[in-house]
Amino acid sequence: MKAFYHFFCTSSHFSRFVLRLFKKVLWMLFVLWGITIISFWVIHLAPGSPTDMETTLNPLAGTVARQRLETIYGLNRPLYVQYCDWLVRLIHMDFGNSMSSDSRPVLTKIMERLPLTVGMNVVSLMLTLIISIPVGIFSACQRNSFVDKTITVLVFLGFAMPSFWLALLLMMFFGIEMHFFPISGLTSVNFDQLEMLDKILDIIKHLTLPILVYTIGGLAAMSRYMRACMLETLQQDYILAAKAKGLSSHTVIIHHALRNALLPVITLLGLSVPGLIGGSVIIESIFALPGLGQLFYGAVMARDYTMIMGNLVLGAILTLTGNILADICYGLADPRIRVGRKTS
Amino acid sequence: MRFRQLIKNLLSRDIMLILGLTIVLAMTLAALLAPIIAPYNPDVLHLDHILEPPSSLFWLGTDRLGRDILSRLLYGGRISLWVGFVSVSISISIGTILGMVSGYFSSWIDECIMRIVDIMLCFPSFFLILSVISFLEPNLTNIMVVIGLTSWMGVTRLVRAETLSLREREFISAARLAGSSILRILFFHILPNTLAPVLITATLGVAGAILTESSLSFLGLGVQPPTASWGNMLLDGKSVIETAPWLSLFPGLAILVTVLGYNLLGESLRDYFDPRLK
């Protein structure tokens, strides 16, 4: 609370913060523009076209049908015209209509799926942090002890574990052997007849295994990183000073070291967003969950141009949002960023 | 006390290195010698032995078409290693060249390259790989190229940082004074000095590429059946997971062990070369 108070009530700090944020937003817009360029050109220059599904692969359709489809989708115009057109519509938050048979707006379809994916990722990130921060601290403080070595071995196993195999194993063990959790879908067949409380319970039961897979995937990296940061912090002079003052090791670790060791972790959280979004494709397709990943997978299989590009741009927006959030948190947590850098 | 600590460190690092090296060598050998040591042809159907559990005849069991799992694992290993090496070679080449250029010139070229790196890092790269693969034909060459083209950013940053510090060293000034061309300085003086960290990243990169390839194959967008790859074997096993769990067990184990081996090797090499990071 104190940090917040200082932060918002000291005007020079505040203005510097706004300037920083402004720069960050400009950078974000630039990166976003680059992303639109890459995703548009890469996909449009690749051989094959969205009309393939309805024409080349359909023996009944001839060249006339193909040309008509290309006119409808505007695919016969020069690429740069298509790009500018798409970009202008993107600025108006219009991602176009899906090229699949229902041809609903891309944005609506994405927004339907987004809450599930983001929700699962947020929950699993929380779990990851809750578990890995204490584990990392413990490993660092008891460095090279038996427990630390065991954790290191587990971490290496966790790094090497393919998430889809872990999902299959969990399905085998909890779903099939023990009948403990349902192994696919978001709701049971009789979902509509359930009471409110049972409905929530049903969804929680369906989401347990996927969230477990996400969490175990993130645990290894996070606890390893936390350990490294903590080790580095513990070697700093101010920790030595705190110890020399005669503070208990508990106080030194919790009050002096932890806050500094957590700083790089914030950055790592921001950087882990693209991986999480990518991982959702696999996990959602295994557990048959109607999230963003499954939507993207379907779009990829159907060569749905507008949907693929919409997903790429949205994924990038999510990543950038994660980066910016991490940056703000970093600024809040690290007084050196707010106060120290007067020259920059 | 310090001496004991040193011994302890060295010992554990050595164990990591030995374990990693053994796994990597064993997997490579198994893949190379697959035609000799595989008990059966991986594509031959033993129609009277469909979905057989592990037995003395078929050590790791058979799949839905009666193909021997062990032989398919061995041949799948060739695919995984090949993908790992080729895609990492691609990403290392791009990353090293861009990184050296970026670090050595550090003018607008540096700015441009680093901004491209920023942009590429903001892509959910698995999304990008999937969309490109879906438009190209999902075959081995395309997969290797696409994985290589989407994973060079880390190497670029690493090599750039190394080059930035190497550039100020005296031997580079000496080479410049002696009239060496820029290409000569880059490839004969800077490149050899960045080799150690690059090799470490490459080792870890092989593990990443193997994981990506098997994820792609698992989604059906990677190596196409009937060619065996660990990923599509898992995909195959998923539909019969309740009756024939060995189909899903062994390919995953193979991925786990291989990736573990490369990670161990990379990490222990890093410990040797860069004692700051532990």
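So you know, we letter chains A, B, ... as the sequences are listed, proteins then strands, and number each from 1. The figures that follow rest on heavy atoms only: side chains count, while hydrogens, waters and symmetry mates do not.
Remark: side-chain polar atoms of A/Trp165 are paired, donor with acceptor, to backbone N or O of B/Ser248 under 3.5 angstrom. For the pair A/Thr36 (side chain) and A/Trp33 (backbone), a donor-acceptor distance under 3.5 Å is present. Although no hydrogens or angles enter the test, the distance criterion places no donor-acceptor pair under 3.5 Å between the side chain of B/Trp230 and the main chain of B/Ala254. Panel note: side chain B/Gln224, backbone B/Gly222; a donor-acceptor pair is recorded below 3.5 Å. Although no hydrogens or angles enter the test, the distance criterion places a donor-acceptor pair under 3.5 Å between the side chain of B/Asn232 and the main chain of B/Val223.
For B/Ile129, no part lies near chain A; criterion is any non-hydrogen pair under 4.5 Å. A/Ser39 touches chain B through backbone and side chain together, each having a heavy atom under 4.5 Å away. Contact of A/Asn311 with chain B is made through backbone and side chain together, with heavy-atom distances under 4.5 Å. Using a 4.5 Å cut-off between heavy atoms, B/Phe127 touches chain A through backbone and side chain atoms alike. Both the backbone and the side chain of A/Ile277 come within less than 4.5 Å of a heavy atom in chain B. With a 4.5 angstrom heavy-atom cutoff, B/Leu121 touches chain A only via backbone atoms. If you measure heavy-atom distances from B/Ile133 to chain A, you find no contacts under 4.5 Å at all.
Considering every non-hydrogen atom in both B/Trp246 and B/Thr62, the closest pair reads NE1-O, 3.3 Å.
Contact count against chain B (heavy-atom pairs under 4.5 Å) is highest for A/Ile286 among A/Ile286, A/Leu318, A/Leu276, A/Leu320. Annotation: maximal heavy-atom pairing with chain B below 4.5 Å, among A/Ala316, A/Ala160, A/Gly315, occurs at A/Ala160. When each of A/Ile308, A/Val313, A/Val281 is checked for heavy-atom pairs under 4.5 Å with chain B, A/Val281 comes out on top.
Between B/Tyr262 and B/Phe85, the ring planes lie perpendicular to each other; the angle is over 60°, past the 30° to 60° tilted range. Ring pair A/Phe156/A/Phe159 is perpendicular by interplanar angle, where above 60° counts as perpendicular and below 30° as parallel.
Partner B/Ile210 forms a side-chain contact (heavy atoms from CB on, under 4.5 Å) with one of B/Val83, B/Val88, B/Leu81, B/Ile147 and no other, that one being B/Leu81.
Within residues 139-146 of chain B, no residue has any heavy atom under 4.5 Å from a heavy atom of chain A.
Side-chain contact of B/Glu111 with B/Ser107: a donor-acceptor pair under 3.5 Å is absent, judged by distance alone. Between the side chains of A/Asp304 and A/Thr306, at least one donor N or O sits under 3.5 Å from an acceptor N or O.
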